[in-house]
Novice: 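Sharing a structure here in structure tokens format.
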2 protein chains.
Amino acid sequence: MMEFRAGEVRINGGETLFHEGDKVDFFYTAKVGQGARVIHLPNGGRQLVNFIFPGDTIGLQAALAKEASSSVVAASDMLLCKFHKGNLPKLFRQSARRAYSLVWIAAVEEHFLGETIATLGQRDAMQRMAWALCRISMRLSAVGLSSDGASPFPFKQRDLADALGLSLVHTNKTLARLRPFVRWEKGVLTILDPRALSEIAMLDYDAQPERPLL
Amino acid sequence: MMEFRAGEVRINGGETLFHEGDKVDFFYTAKVGQGARVIHLPNGGRQLVNFIFPGDTIGLQAALAKEASSSVVAASDMLLCKFHKGNLPKLFRQSARRAYSLVWIAAVEEHFLGETIATLGQRDAMQRMAWALCRISMRLSAVGLSSDGASPFPFKQRDLADALGLSLVHTNKTLARLRPFVRWEKGVLTILDPRALSEIAMLDYDAQPERPLL
DNA sequence: CGACAGATTGAGAACCGTCAACTAATGTGG
DNA sequence: CCACATTAGTTGACGGTTCTCAATCTGTCG
């Protein structure tokens, strides 16, 4: 993919890469740092659609559409690879393999979004929280950012609240109730009892994820 | 795409095309009829992830993965085009254009799932219902199934409840409160006052959708 | 007619949101 | 160095939305 690269981008925690409604001519992959894809509602509501971790593809959807339907914000300082949207057709012509892998990426993304929809629709606050923390921890350890069940997670409670569709207050109280099984302090997420968490989240503890690299 | 077709499939309303966990070797496009993609939870919960209308692509994600992460059920009798998963690599090699359009389809799908997540996370029952009915009506009229604001919609209240993450009872009561603006009787959905509905749903009435055909 | 699926309605309880107050940590300016 | 402001997290009280349970009603089909 190197020959299609349009360079690197750095953004600081709190900054946004692009906004909803923007015309976006690039897409990205995350190399370092964490962020989130966010949708804003007319009434001021804010939904965090997914977290962005190293290795993730960012903004493919935004680049293909006329305008972005979601914003991307950095939770920590991030380093990104930048690609020209205009190079996509050429890429598709030159390498069927890579084109295939883009579809693969999109399919995996779709899988995760579906699981999120099931969670927001069917699980209560406790289950949502346990589910999210499990998933986050699994993703982070899959990219090698986790040691001893402790992973960097530079978000605020407000972010998690907006991801789970809960109020900030209730998010806080739910976290408190899960404290026997999880700690989250100063940007570090520590899973103390993964089995108990999986249980609460109604997740199969030994289900291996399917998220291959590009 | 004709040369990759593996034939047509018919299924009856209520039947399921494939189940979660199945190994799926085909993907499909819907020609006639309506259905839904569904995720089942360990506790018996059921989340309807998206509705399937004529023209929609079905099971691309399931075909690419080792096993399907969602089921597909028909709400009415359906006619589907069937494609061999195994033909995908050949398709990618032979036609960059078509490969590109698959990514496009996936991106559009991702867009819709993101909007659904925002709805489940941020909107209350009334807003969800209005949102769903608006969207459904828009999709159906975009494929020419709608006349005079009336469209065929062969689902049950239970399906809509599971799509919106609401209980059946509350779904019913919410529908009752929206009755001045929408009717849904005997499988026909009629939007009486689209502007009022959009208002309730916090949707921009004149936002043109972006869902081109293959 | 009885059986059944789907829709409808009411009553009570549980969950979650809002409001408000308070703590702790950090930074800034005088 | 201290006063003050700001941000993030925490906790309690109260009220509203939504869920569950249960009963009733309707139309269809045998």
Novice: Could you tell me the separation between the CZ atom of A:Arg179 and the P atom of D:dG9, rounded to a whole number of Å?
Specialist: 11 Å

Novice: Output the rounded distance in Å from CD (A:Gln157) to P (D:dG9).
Specialist: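 These atoms are roughly 5 Å apart.
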
Novice: Counting side-chain heavy atoms from C-beta on, which of D:dC19, D:dT11, D:dG9 comes nearest to B:Leu166?
Specialist: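 Minimum distance to the B:Leu166 side chain belongs to D:dC19.
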
Novice: If the cut-off is 4.0 Å, is A:Asn172 near the phosphate of D:dT10, judged by side-chain N/O to OP1 or OP2?
Specialist: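 Affirmative; the distance criterion is met.
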
Novice: Figure out the CG/C1' separation between A:Asp159 and D:dG9, and round it to whole Å.
Specialist: 13 Å

Novice: What residues from residues 122-129 of chain A pass a heavy-atom cutoff of under 4.0 Å to DNA chain C?
Specialist: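 Result for residues 122-129 of chain A: A:Asp124, A:Ala125, sorted by number.
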
Novice: Below 4.0 angstrom, N of the basic side chain to O of the carboxylate: do B:Glu110 and A:Arg37 qualify?
Specialist: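 Yes.
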
Novice: Determine whether B:Leu197 and B:Asp193 make a side-chain contact, defined as any pair of heavy atoms from C-beta on separated by less than 4.5 Å.
Specialist: no

Novice: With a strict under 4.0 Å distance from non-hydrogen atoms of chain A, what nucleotide opens and what nucleotide closes the contacted stretch of DNA chain C, reading 5' to 3'?
Specialist: C:dC16 to C:dC19

Novice: Do A:Lys173 and D:dG9 share a donor-acceptor pair, side chain to base, under 3.5 Å?
Specialist: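 There is none.
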
Novice: Taking all non-hydrogen atoms of both residues, which atom of A:Glu20 and which atom of A:Ser71 are closest, and how far apart?
Specialist: OE1-OG, 2.9 Å

Novice: Would you mind telling me which of B:Val73, B:Asp25, B:Val72 makes a side chain to side chain contact (heavy atoms under 4.5 Å, CB included) with B:Phe18?
Specialist: B:Val72

Novice: In chain order, what residues pass the side-chain hydrogen bond (donor to acceptor under 3.5 Å, both in side chains) check against B:Arg135, with sequence neighbours excluded?
Specialist: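 Applying side-chain hydrogen bond (donor to acceptor under 3.5 Å, both in side chains) to B:Arg135 gives B:Glu115.
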
Novice: Looking at D:dA8, D:dT10, D:dT20, which one has an atom nearest to any side-chain atom of B:Ser167?
Specialist: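 Closest of the options to the side chain of B:Ser167: D:dT20.
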
Novice: Nearest-Å distance, CZ (A:Arg183) to P (D:dT10)?
Specialist: 11 Å

Novice: Strictly under 6.0 Å, is that where the ring centroids of B:Phe153 and B:Phe51 end up?
Specialist: yes

Novice: Is the NZ or CZ atom of A:Lys82 positioned over A:Tyr28's six-membered ring, under 6.0 angstrom from the centre and within 45° of the axis?
Specialist: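 Cation-pi check for A:Lys82 and A:Tyr28: fails.
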
Novice: Round to a whole Å and report the spacing from CH2 of A:Trp184 to C1' of D:dG9.
Specialist: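 Atom-to-atom, A:Trp184 to D:dG9, this comes out as 10 Å.
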
Novice: A:Ala118 and B:Leu41: which non-hydrogen atoms are nearest, and at how many Å?
Specialist: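 In this case the closest contact between A:Ala118 and B:Leu41 is CB-CD1, 4.3 Å.
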
Novice: Among A:Thr174, A:Thr119, A:Thr116, which one satisfies side chain to side chain contact (heavy atoms under 4.5 Å, CB included) with A:Arg128?
Specialist: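 Looking at A:Thr174, A:Thr119, A:Thr116, the match for A:Arg128 under the side chain to side chain contact (heavy atoms under 4.5 Å, CB included) is A:Thr119.
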
Novice: So what does B:Gly187 touch, heavy atoms closer than 4.0 Å: a base, only the sugar-phosphate, or nothing?
Specialist: nothing

Novice: Starting at NE2 of A:His170 and ending at P of D:dT10, how long is that distance when rounded to a whole Å?
Specialist: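 Atom NE2 in A:His170 sits about 15 Å away from atom P in D:dT10.
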
